[in-house]
Novice: 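Sharing a structure with you now.
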Amino acid sequence: MADDISDEEAAWRDLIAHYGDPAAADDVSSPWPAQEDLPEHPAAAEPAQAPTGPPPTDGSSPVPGVFPTPPQFRVIRPAAPAPPPEDEADPDDEGHYIPPEPPPLPHLDPVTKGAWAAVFGGPGYLLVAVTLGWPVPGWAGLAAVAAFIGGFATLVVRMGDRPPTDSGPDDGAVV
């Protein structure tokens, strides 16, 4: 086991020592067809020379092949054109589905409102009291838990197993 660790360590040190060395490109064949190779560019054979001295002030670039550009100006315009007025409707918009207005929410009776208040009010009181560090007497905690359980039970009992009133005598089943 100790020999394996030393062999691995030697392999890693060898990799690190040769990390910056160039790869032997002549020995290895390329993994793609030869017709996809790029022709050798004459400028690639010459080593790049670092510019010396201060940068020129005549507008020429210190880096060969890179040309300075004029300053860029920012153009601000609206993201999208304004929509046409309502009276000038587009004829291509014909046939789009426009949903009808939803029916109003049903009016809850006082018992159902009280049950919902108890379901959310009991735990809400306990949450606020604990968050703000208020002392909660035993009877208040018991009342909050009882309100939650009573409100939940009231809502479940009042759900009922009857069909909706607007379904009529036929439930839509075909025999």
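As a basis for the values below, the full set of heavy atoms in this structure was taken, side chains included, without hydrogen atoms, waters or symmetry mates.
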Novice: On a heavy-atom basis, which atom in Val136 and which in Gly141 lie closest, and how many Å separate them?
Specialist: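 What the structure gives for the nearest pair is CG1-N, 3.8 Å.
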
Novice: To the nearest 0.5 Å, how far apart are CZ in Arg13 and CD in Glu8?
Specialist: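 Between atom CZ of Arg13 and atom CD of Glu8 there are 13.0 Å.
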
Novice: For residues Val111 and Phe152: do they belong to one hydrophobic cluster (side chain heavy atoms under 4.5 Å, members Ile, Leu, Val, Met, Phe, Trp, Tyr)?
Specialist: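 Unlinked, Val111 and Phe152 end up in two clusters.
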
Novice: Starting from Trp116, can I reach Leu127 by hopping between I/L/V/M/F/W/Y residues whose side chains sit under 4.5 Å apart?
Specialist: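 No.
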
Novice: For the residue pair Leu126 and Phe148, establish whether any side-chain heavy-atom pair is separated by less than 4.5 Å.
Specialist: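 Answer no - side chains too far apart.
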
Novice: Kindly give the heavy-atom pair with the smallest separation between Ala118 and Ala147, and that separation in Å.
Specialist: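 For Ala118 and Ala147, the tightest heavy-atom pair comes out as CB-O, 3.2 Å.
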
Novice: Cluster question for you: counting only ILVMFWY and a side-chain heavy-atom cut-off of under 4.5 Å, with indirect links fine, are Met159 and Phe120 together?
Specialist: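 Different clusters.
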
Novice: Hydrophobic cluster membership, with links at side-chain heavy-atom distances under 4.5 Å among I/L/V/M/F/W/Y: are Ile149 and Val119 in one?
Specialist: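 Yes, because Ile149 and Val119 connect within a single hydrophobic cluster, where side-chain heavy atoms sit under 4.5 Å apart.
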
Novice: I'd like to know if the side chain of Thr112 and the backbone of Leu108 have a donor-acceptor N/O pair within less than 3.5 Å.
Specialist: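 Between the backbone of Leu108 and the side chain of Thr112 there is no qualifying donor-acceptor contact (under 3.5 Å).
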
